[in-house]
Participant: 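Here it is, the structure, as structure tokens.
Positions are given from 1, in the same order as the sequence printed here.
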Amino acid sequence: MTRYLPGILAMAAIVVASNILVQILLGSWLTWGAFTYPFAFLVTDVMNRVYGPAAARRVVLAGFVTGIACSLIGTQIMGEFGPLVTLRVALGSGLAFLVAQMLDVAVFDRMRGGAWWRAPLVSTLVGSSLDTAIFFSVAFSGALVFLEPGNDVSWAGEMLPLLGLGPVAPLWVSLAVADWLVKLTLALAALVPFRLIVSRLLGNSAPLA
């Protein structure tokens, strides 16, 4: 179990940092948390490649527990418009993380026999896309207002051009698309550290190919 500890600590650090940085806006569509959270998929994929899917799932569960703890703390901290973490945000965050990360583990394991880059790239793209869809729809979609009737998320339903340029869509859709684009970009960028970390852990000094 101790050999999994670095992965568990890395996942916990990413989850904690993302929960803090998501409170800091970056432009109109993003928060700083959008740039730290995707690295959770890197940790999961490294653990999967080096130790197998069972170890990766343990690290995911550790991240899930850490996320729940962060959400509970967030519900007790009052911001300008109420608690920093609402029930819908907590539910969306936890559900998105667990489902997307477990799917990442399954897809990676199914593709592990191919080229070194295929499993981490495809699993991360699939998992992160599902993560974005689940979180933003659960947290902000007007169709799911019954999840927390007392939480006014009407601001997220304001109809605006998509990312300020495209067709008119609810604001939360623009937030989701911006977040998704960051995840896609970092999925590609993370291939290099994935290869380097895995090579180091497995004692393989072969160059990137």
Side-chain angles (χ1 to χ4, degrees), residues 1-24 30-77 84-112 119-139 176 179-180 182-187 189-191 193-194 196-198 201:
M1 184 67 178
T2 55
R3 63 179 178 169
Y4 307 151
L5 187 58
I8 291 173
L9 293 177
M11 180 66 82
I14 290 169
V15 171
V16 171
S18 298
N19 274 271
I20 294 172
L21 294 175
V22 77
Q23 307 297 330
I24 305 175
L30 293 168
T31 70
W32 282 106
F35 294 88
T36 54
Y37 178 76
F39 287 100
F41 291 95
L42 172 61
V43 174
T44 301
D45 290 346
V46 167
M47 294 300 295
N48 204 340
R49 175 65 77 189
V50 177
Y51 299 114
R57 291 188 188 98
R58 290 178 183 176
V59 171
V60 168
L61 289 176
F64 178 66
V65 171
T66 302
I68 290 177
C70 289
S71 292
L72 290 175
I73 293 171
T75 60
Q76 303 305 308
I77 300 176
L84 291 183
V85 178
T86 65
L87 173 62
R88 287 186 64 173
V89 167
L91 181 61
S93 177
L95 185 62
F97 179 88
L98 188 61
V99 173
Q101 290 288 333
M102 287 301 187
L103 179 61
D104 179 280
V105 173
V107 172
F108 187 105
D109 190 48
R110 189 174 185 85
M111 303 188 70
R112 69 170 56 248
L121 180 60
V122 175
S123 63
T124 298
L125 291 178
V126 172
S128 60
S129 297
L130 183 62
D131 182 279
T132 297
I134 292 176
F135 172 73
F136 283 94
S137 58
V138 171
D179 180 82
W180 180 66
V182 171
K183 287 189 174 83
L184 297 189
T185 301
L186 291 181
L191 288 176
F194 170 85
L196 295 174
I197 295 169
V198 167
L201 291 176

Participant: Measure the spacing between CD1 of I8 and CZ of R3 and express it to the nearest 0.5 Å.
Facilitator: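 If I round to the nearest 0.5 Å, the distance is 11.5 Å.
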Participant: So, for A34 and V182, which heavy atoms are closest and what is the spacing to 0.1 Å?
Facilitator: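 Nearest heavy atoms, A34 then V182: O-CG1, 3.3 Å.
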Participant: After noting the C-alpha distance and the side-chain angles of F97 and F135, does the key distance pass the side chain to side chain contact (heavy atoms under 4.5 Å, CB included) rule?
Facilitator: CA-CA 8 Å; F97 179 88; F135 172 73; over 6 Å; no
Participant: Under the salt bridge (charged side-chain N to carboxylate O under 4.0 Å, His left out) rule, what pairs show up with a residue in residues 86-97, not counting sequence neighbours?
Facilitator: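 Of all non-adjacent pairs touching residues 86-97, none passes salt bridge (charged side-chain N to carboxylate O under 4.0 Å, His left out).
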Participant: With sequence neighbours left out, write down each residue that passes side chain to side chain donor-acceptor pair (under 3.5 Å) with T75, or none if nothing qualifies.
Facilitator: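 In terms of side chain to side chain donor-acceptor pair (under 3.5 Å), with neighbours along the sequence ignored, T75 is linked to no residue.
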Participant: How far does OG of S128 sit from OH of Y37, to the nearest 0.5 angstrom?
Facilitator: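 Spacing of OG (S128) from OH (Y37) equals 9.0 Å.
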Participant: If you look at every heavy atom in P38 and G33, which pair is closest and at what distance?
Facilitator: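 Scanning both residues, the minimum pair turns out to be CD-O, 4.3 Å.
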Participant: For the residue pair W32 and F35, categorise the inter-ring angle as parallel (less than 30°), tilted (30 to 60°) or perpendicular (more than 60°).
Facilitator: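 If you compare the ring of W32 with that of F35, the planes turn out tilted.
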Participant: Ignoring hydrogens, what is the shortest heavy-atom contact between T66 and A62? Give both atom names and the distance.
Facilitator: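 What the structure gives for the nearest pair is OG1-O, 2.9 Å.
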Participant: How close do G7 and V59 get, heavy atom to heavy atom, and via which atoms?
Facilitator: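 Nearest pair, atom of G7 first, then V59: O-CG1, 3.6 Å.
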Participant: Over all heavy atoms of both residues, which pair between R49 and A119 is shortest? Give the atoms and the distance, please.
Facilitator: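 Heavy atoms of R49 and A119 come nearest at NH2-CB, 4.0 Å.
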Participant: Of the non-hydrogen atoms in A56 and V105, which two are nearest, and what is the gap between them?
Facilitator: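 Closest heavy-atom pair between A56 and V105: CB-CG2, 3.9 Å.
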Participant: Taking only residues two or more places apart in sequence, or in another chain, which ones meet R57 in a salt bridge (Lys or Arg N to Asp or Glu O under 4.0 Å)?
Facilitator: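 Per chain and number, R57 pairs via salt bridge (Lys or Arg N to Asp or Glu O under 4.0 Å) with no residue.
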Participant: Show, in sequence, the C-alpha distance, side-chain angles and deciding distance for S129 and W180, and conclude whether the side chain to side chain donor-acceptor pair (under 3.5 Å) test is met.
Facilitator: CA-CA 6 Å; S129 297; W180 180 66; 2.8 Å; yes
Participant: Which pairs, with at least one residue in residues 95-106 and sequence neighbours excluded, count as a side chain to side chain donor-acceptor pair (under 3.5 Å)?
Facilitator: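 For residues 95-106: T44-Q101, D104-S123.
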Participant: Tell me, with the steps shown, if T31 and I24 meet side chain to side chain contact (heavy atoms under 4.5 Å, CB included).
Facilitator: CA-CA 5 Å; T31 70; I24 305 175; 5.8 Å; no
Participant: Can you list everything that forms a side chain to side chain contact (heavy atoms under 4.5 Å, CB included) with I14? Sequence neighbours excluded, please.
Facilitator: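 For I14 the side chain to side chain contact (heavy atoms under 4.5 Å, CB included) partners, ignoring immediate neighbours, are S18, F39, A40, V43.
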Participant: What is the distance from atom CG of D45 to atom OG1 of T124, rounded to the nearest 0.5 Å?
Facilitator: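 Those atoms lie 4.0 Å apart.
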Participant: Can you name the side chain to side chain donor-acceptor pair (under 3.5 Å) partners of D109, sequence neighbours left out?
Facilitator: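 Counting only residues at least two positions away or on another chain, D109 forms a side chain to side chain donor-acceptor pair (under 3.5 Å) with R112.
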Participant: Holding to side chain to side chain contact (heavy atoms under 4.5 Å, CB included), I want the full list of residues that pass it with L72, two or more places apart in sequence or in another chain.
Facilitator: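 For L72 the side chain to side chain contact (heavy atoms under 4.5 Å, CB included) partners, ignoring immediate neighbours, are I68.
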Participant: Can you list every salt bridge (charged side-chain N to carboxylate O under 4.0 Å, His left out) pair that touches residues 122-132, not counting sequence neighbours?
Facilitator: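 Every pair satisfying salt bridge (charged side-chain N to carboxylate O under 4.0 Å, His left out) with a residue in residues 122-132: D131-K183.
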Participant: Looking at CG of L5 and CG of L9, how far apart are the two atoms once the value is rounded to the nearest 0.5 Å?
Facilitator: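 One finds 4.0 Å between CG of L5 and CG of L9.
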Participant: Report the residues that fulfil side chain to side chain contact (heavy atoms under 4.5 Å, CB included) with L98, sequence neighbours left out, ordered by chain and then residue number.
Facilitator: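 Testing L98 for side chain to side chain contact (heavy atoms under 4.5 Å, CB included), a comparison that skips the adjacent residues, returns V60, L61, F64, M102.
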Participant: Who passes side chain to side chain contact (heavy atoms under 4.5 Å, CB included) against L125, sequence neighbours left out?
Facilitator: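 Side chain to side chain contact (heavy atoms under 4.5 Å, CB included) check on L125 returns L121, L184, A187.
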